[in-house]
Enquirer: 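Sharing a structure, written as structure tokens. Questions coming.
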Amino acid sequence: MAPWAEGTFESDFGGESVDHSNIHRYTGAFSAGVSFPSAVNYIRLCGSSSKGDSGGYQVARAHCFNLHIAKVLPGGTPSTLILNGETDLSRNPSPNGPKVILSPREGHSASLRQAWLTPSCGPSREAIGSMQQAVTGTLELSTYDDTTVAGRLVAEVTGQAASECPPQRTRADIRFTLPLGSEP
């Protein structure tokens with residue numbers, strides 16, 4: 001099965017809205033990989049823009065919503081998981097990516113272990129410190145088994161992002177069906 005995803009994905013850069021709805025090749029669902037814990041599956045929904053530059057940043061590269069979801073959902077599927085938390089991202093990531101710490105707020109689904117946005121807008125410079133993101137929305141899963149993850153993500157991220165071109169706000173409404181495999 002080939003990955004399939006479609007929908008809307010846009011970011012605000014200094015008052016200018018940029019559409020990232022061209023679903024990018026980095027989109028995928030992974031059950032095993034060195035960059036995430038073994039008790040979760042990793043879903044990465046990425047989009048890119050046909051626009052080349054915005055505010056001096058190259059915004060055509062992939063912007064990704066990243067989710068760590070418990071491998072076993074208590075109620076099975078279909079299931080609606082609530083995103084409501086603050087994510088702290090290390091600006092000085094390890095070789096396996098940024099260190100992500102999600103602090104859930106009221107109503108957040110415990111099965112959603114991590115959620116964060118990573119925009120990629122050009123060469124990054126190493127920075128020290130951390131960044132915070134507010135993540136809200138829903139993840140509706142219609143299929144979630146050993147071979148396939150399918151559903152819809154409706155989410156918004158505000159705050160800083162692990163990138164040299166941090167958007168002020170990013171919104172997505174993406175439907176997807178992804179084979180569950182191992183991270184390359």
Side-chain angles (χ1 to χ4, degrees), residues 3-13 15-24 26-30 36-37 39-49 59 62-89 97-121 130-145 148-163 165-178 180:
W4 170 85
E6 69 178 17
T8 59
F9 192 159
E10 60 186 25
S11 296
D12 295 332
F13 293 90
E16 180 181 359
S17 183
V18 177
D19 182 3
H20 297 285
S21 297
N22 296 327
I23 301 304
H24 198 273
Y26 295 132
T27 292
F30 311 98
F36 58 95
V40 300
N41 289 323
Y42 173 31
I43 296 176
R44 185 172 56 211
L45 298 168
C46 303
S48 61
S49 174
V59 297
H63 283 53
C64 300
F65 274 94
N66 302 277
L67 304 163
H68 285 181
I69 305 167
K71 286 194 177 192
V72 177
L73 298 178
T77 53
S79 185
T80 299
L81 305 177
I82 304 298
L83 281 161
N84 189 20
E86 298 282 333
T87 299
D88 184 47
L89 293 148
K99 180 179 178 186
V100 180
I101 300 169
L102 177 70
S103 298
R105 295 186 294 207
E106 186 176 340
H108 181 83
S109 297
S111 295
L112 278 167
R113 306 287 171 81
Q114 301 292 354
W116 73 102
L117 175 73
T118 51
S120 175
C121 302
S130 64
M131 296 163 285
Q132 289 75 40
Q133 299 175 354
V135 182
T136 58
T138 58
L139 175 64
E140 299 170 2
L141 294 172
S142 57
T143 305
Y144 189 70
D145 59 33
T148 306
V149 178
R152 178 182 182 196
L153 173 69
V154 178
E156 179 173 289
V157 174
T158 57
Q160 299 167 303
S163 170
C165 61
Q168 288 79 34
R169 181 173 68 163
T170 300
R171 296 165 305 285
D173 184 348
I174 303 170
R175 289 175 179 78
F176 59 90
T177 301
L178 306 170
L180 190 59

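If you read the sequence from its start, that first residue is 1, and numbering goes on from there. This is a predicted model, so every value here is computed, not measured. Both backbone and side-chain heavy atoms feed into the values below; hydrogens, waters and symmetry mates do not.
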Enquirer: Identify the two heavy atoms, one from Gly107 and one from Ile82, that lie closest to each other, and give their separation to 0.1 Å.
Expert: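 Distance-wise, the nearest heavy atoms are O-CB, 3.3 Å.
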Enquirer: Is the closest side-chain heavy-atom distance between Phe65 and Val157 below 4.5 Å?
Expert: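 Yes. Closest side-chain heavy atoms under 4.5 Å.
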Enquirer: Quick one: sort the Tyr42 and Phe30 rings into parallel, tilted or perpendicular, breaks at 30° and 60°.
Expert: tilted
Enquirer: Please give me the minimum heavy-atom distance between Ala70 and Arg113, naming the atom from each residue.
Expert: CB-NH2, 3.4 Å
Enquirer: Please lay out, stage by stage, how Ile69 and Leu139 fare under the test side chain to side chain contact (heavy atoms under 4.5 Å, CB included).
Expert: CA-CA 10 Å; Ile69 305 167; Leu139 175 64; 3.4 Å; yes
Enquirer: So, using ring pair (Phe, Tyr, Trp, His ring centres under 6.0 Å) as the criterion, who are the partners of His108 when residues are at least two apart?
Expert: none
Enquirer: Nearest heavy-atom pair of Ala150 and Thr177: which atoms, and what distance?
Expert: CB-OG1, 3.7 Å
Enquirer: Of all heavy-atom pairs between Lys71 and Val40, which one has the smallest distance, and what is that distance?
Expert: CE-O, 3.2 Å
Enquirer: Is there a side-chain contact between Val100 and Thr87 in this structure, where contact means two heavy atoms from C-beta onward sitting under 4.5 Å apart?
Expert: yes
Enquirer: Using a distance-only test with no angle check, is there a side-chain donor-acceptor pair under 3.5 angstrom linking Asn66 and Arg44?
Expert: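 The answer is no; no qualifying pair exists.
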Enquirer: Can you name the nearest heavy-atom pair linking Ala115 to Val135, along with the distance?
Expert: O-CG2, 3.7 Å
Enquirer: For Leu102, does its backbone N or O pair with a side-chain atom of Glu86 as donor and acceptor, under 3.5 Å?
Expert: no
Enquirer: Got a salt bridge between Arg175 and Glu6, using NZ or NE/NH1/NH2 to carboxylate O under 4.0 Å?
Expert: no
Enquirer: Is Thr158 close to Gln133 at the side-chain level, that is, under 4.5 Å between some pair of heavy atoms?
Expert: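 SC-SC contact between Gln133 and Thr158 ruled out.
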Enquirer: Among residues at least two apart in sequence or on other chains, which ones pass ring pair (Phe, Tyr, Trp, His ring centres under 6.0 Å) with Tyr144?
Expert: none
Enquirer: Find the distance between CG (Asp173) and CD (Glu10) and round it off to the nearest 0.5 Å.
Expert: 10.5 Å
Enquirer: Kindly compute the distance separating OG1 (Thr143) from CG (Leu180), expressed to the nearest 0.5 Å.
Expert: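 One finds 12.0 Å between OG1 of Thr143 and CG of Leu180.
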Enquirer: So which heavy atom on Cys46 is nearest to which on Thr27, and how close?
Expert: N-OG1, 2.9 Å
Enquirer: Between Glu156 (side chain) and Thr170 (backbone), is there a donor-acceptor pair under 3.5 Å?
Expert: no
Enquirer: Just how far is it from atom CG of Leu178 to atom CD1 of Ile43, taken to the nearest 0.5 Å?
Expert: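 Answer for the CG-CD1 pair, Leu178 versus Ile43, is 7.0 Å.
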Enquirer: Counting C-beta onward and ignoring hydrogens, is there a side-chain heavy-atom pair between Ser11 and Arg169 closer than 4.5 Å?
Expert: no
Enquirer: Going from CG on Leu141 to OG1 on Thr77, what distance comes out if it is rounded to the nearest 0.5 angstrom?
Expert: 7.5 Å
Enquirer: Using side chain to side chain contact (heavy atoms under 4.5 Å, CB included), reason through Leu67 and Leu81 one step at a time and then give a plain yes or no.
Expert: CA-CA 11 Å; Leu67 304 163; Leu81 305 177; over 6 Å; no
Enquirer: CZ/Arg152 to CG/Leu45 distance, rounded to the nearest 0.5 angstrom?
Expert: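 Nearest 0.5 Å value for the CZ-CG distance: 13.0 Å.
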Enquirer: Quick one: pull up CZ in Phe9 and CG in Leu153 and give me the separation to the nearest 0.5 Å.
Expert: 8.5 Å
